[in-house]
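Structure first, commentary second.
Values below: all heavy atoms of this structure, side chains included; hydrogens, waters and symmetry mates excluded. For clarity, every value in this text was computed on a predicted model and none was experimentally measured.
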Amino acid sequence: MAKQRGRAGRAWALLGLLATPWGAFAEDTSAPPAPEASSQEQDLAKQVQNPVAELISVPLQDNLDLGVKPKDRVRNTLNIQPVVPLPLTHRFNLISRVIFPIVAQPGLSEDRGGTFGLGDTSATFFVVPRKPGSVIWGVGPAFLLPTATDQALGTGKWSVGPSAVVLVQPSPWSIGVLANNVFSVFGDDDRATVNQLLLQYFVSYNLPKGWYVTSAPILTANWEGPKGERWTIPFGLGAGKVFSVHKQALNGSVSAYYNAVRPDLPGAADWQLRFQLAFLFPLKKSH
C-alpha cells in the first residue's frame, strides 16, 4: 500500500509540473523582436485559433478539475493532442486531430487514492477547403476508441459520429464553434451505451505582439444520463501568447472555467483550470 501511495504521489507531482505553463513566461531575449517577427507572431496567433488551419501543432493541454463529487477531490487530465493537416485533393485538405488523455482519477467513494493511466483516445478528421472564404468550415467523422488502461478511465465502447467546425476571423477576432456527437457501435456489453455530445465555442481577441484573450469552454451532454443531469456548461476566460524560443514557435495559455450547469452525479466537478503549451510548425510562410 505504501509503494502504491508513493507511485501515486510521484504521478501527481509529474502532472503538476506538466500543468505549469513555463513556456507562457519564457521568451527568447537574445535580441529585440523585429517588426516582421511581431507580425509573424500575430499571424500565428490567428492560425492557432483556427482548428483546421494549415499548421502542424502538438499541444500539451493540462486540465485540473476541482471539487470533483462526491468527496470534493481533484482530477488531472493531460491531453496530448497532435493536429496534422494532410493534402487530400487540389481543393481540399484532411485535418486529423487526435487526443491521448493521461488521467489521474480520484477514487469517487474514497477520501484518498485513485487510478492513473491512459483514457479513451478520441480521433477527429475534418475535410476542409484549401482556399476557404470568409467563413472557414470543415466536416468529417469523430471516433472514440476504448484505449483506457482501467475501467474507471474509459467507456469500454467503440464509438463513432459526425463532427463539424465553422469559424470566422474578422481582424482582430476569431469566433467559431466545433462540435461532435459519438454513438457506441460495439464493445463491452456490460458497459453503458455511449451517446454524448461535445461542443466547444471559442472567442478570441488578438492583441499586439502575439498576445490574445480567449474563452473556449467545452460543453458536454450525456444523452444516456438521467433527465436534468445531462449537461455540463462552463463559463470562463483565459489569456495566451504566441512566442518563440530558439526559433521554435510556441503557444502558451492559461484559463479558468466554472461549471455553471453540471450534473449532480459522482465525477462532476465545480471548476476547471486549463494550462496549455503547444509546439507549432507552420506549413506556410506568414504574409
Side-chain angles (χ1 to χ4, degrees), residues 4-22 24 59-81 99-120 122 144 148-155 178 192 194 196-203 213-240 252-277:
Q4 290 179 347
R5 291 179 180 175
R7 287 196 295 267
R10 289 193 292 272
W12 280 92
L14 175 60
L15 285 172
L17 287 174
L18 288 170
T20 306
W22 302 107
L60 304 177
Q61 183 189 96
D62 197 88
N63 297 285
L64 194 65
D65 294 315
L66 307 175
V68 176
K69 295 179 181 296
K71 296 292 185 177
D72 210 28
R73 301 285 305 279
V74 176
R75 176 174 54 239
N76 198 102
T77 305
L78 173 66
N79 290 327
I80 304 170
Q81 43 190 51
I99 300 177
F100 304 99
I102 300 173
V103 186
Q105 169 73 50
L108 299 181
S109 60
E110 304 168 353
D111 291 329
R112 61 181 60 189
T115 306
F116 177 80
L118 178 68
D120 286 350
S122 64
L144 187 64
T149 54
D150 189 278
Q151 182 172 315
L153 304 179
T155 63
L178 180 153
V194 174
Q196 58 190 37
L197 169 73
L198 180 150
L199 187 150
Q200 182 178 30
Y201 68 82
F202 46 94
V203 179
V213 179
T214 186
S215 180
I218 298 174
L219 289 67
T220 59
N222 176 14
W223 304 119
E224 296 295 325
K227 288 185 178 180
E229 307 290 349
R230 294 175 176 175
W231 282 92
T232 300
I233 302 178
F235 293 95
L237 199 64
S253 64
V254 180
S255 52
Y257 297 97
Y258 173 67
N259 292 322
V261 177
R262 57 191 181 276
D264 188 18
L265 298 171
D270 293 334
W271 283 87
Q272 183 181 88
L273 301 178
R274 183 185 304 165
F275 309 94
Q276 180 168 289
L277 179 65

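- Of all heavy-atom pairs between Ser215 and Gly236, the closest is OG-O, 2.8 Å.
- Here Asp120 pairs with nothing under the salt bridge (charged side-chain N to carboxylate O under 4.0 Å, His left out) rule; sequence neighbours left out.
- The CD atom of Gln272 sits 8.5 Å away from atom CZ of Arg75, with the distance rounded to the nearest 0.5 Å.
- To the nearest 0.5 Å, atoms CZ (Arg230) and OG1 (Thr220) are separated by 13.0 Å.
- Atom CD1 in Ile80 sits 8.0 Å away from atom CZ in Phe100 (nearest 0.5 Å).
- In this structure, the separation between CG on Asp65 and CG on Asn76 is 8.0 Å, given to the nearest 0.5 Å.
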> Is there a side chain to side chain contact (heavy atoms under 4.5 Å, CB included) between Val68 and Leu108 once you walk through the steps?
Replying inline: CA-CA 8 Å; Val68 176; Leu108 299 181; 4.0 Å; yes
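- Listed by chain and number, the residues in a side chain to side chain donor-acceptor pair (under 3.5 Å) with Gln61 are Asn63, Gln276 (sequence neighbours excluded).
- In this structure, the side chain to side chain contact (heavy atoms under 4.5 Å, CB included) partners of Asn259, at least two apart in sequence or on a different chain, are Thr232, Pro234, Arg262, Ala269.
- Annotation: side chain of Pro59 is not in contact with side chain of Leu277 (no heavy-atom distance under 4.5 Å).
- For Ala260, the side chain to side chain contact (heavy atoms under 4.5 Å, CB included) partners are Phe235, Tyr258, not counting sequence neighbours.
- Checked by atom type and distance alone, the side chain of Thr214 never pairs as donor or acceptor with a backbone atom of Gly238 at under 3.5 Å.
- Leu265 pairs by the side chain to side chain contact (heavy atoms under 4.5 Å, CB included) definition with Pro226, Glu229, Pro263, not counting sequence neighbours.
- Distance alone, capped at 3.5 Å, is enough to place a donor-acceptor pair between the Tyr257 side chain and the Ala216 backbone.
- Scored by the side chain to side chain contact (heavy atoms under 4.5 Å, CB included) test, Leu66 finds Leu64, Val74, Trp271, Leu273 as partners (sequence neighbours excluded).
- Using a 3.5 Å distance cut-off with no hydrogens or angles, the side chains of Asn222 and Gln196 do not pair a donor with an acceptor.
- Residues meeting the side chain to side chain donor-acceptor pair (under 3.5 Å) test with Ser122, sequence neighbours left out: none.
- Screening Ile102, Ile99, Val103 for a side chain to side chain contact (heavy atoms under 4.5 Å, CB included) involving Asn79 leaves a single residue, Ile99.
- Expressed to the nearest 0.5 Å, how far CG of Leu153 lies from CZ of Phe116 amounts to 9.5 Å.
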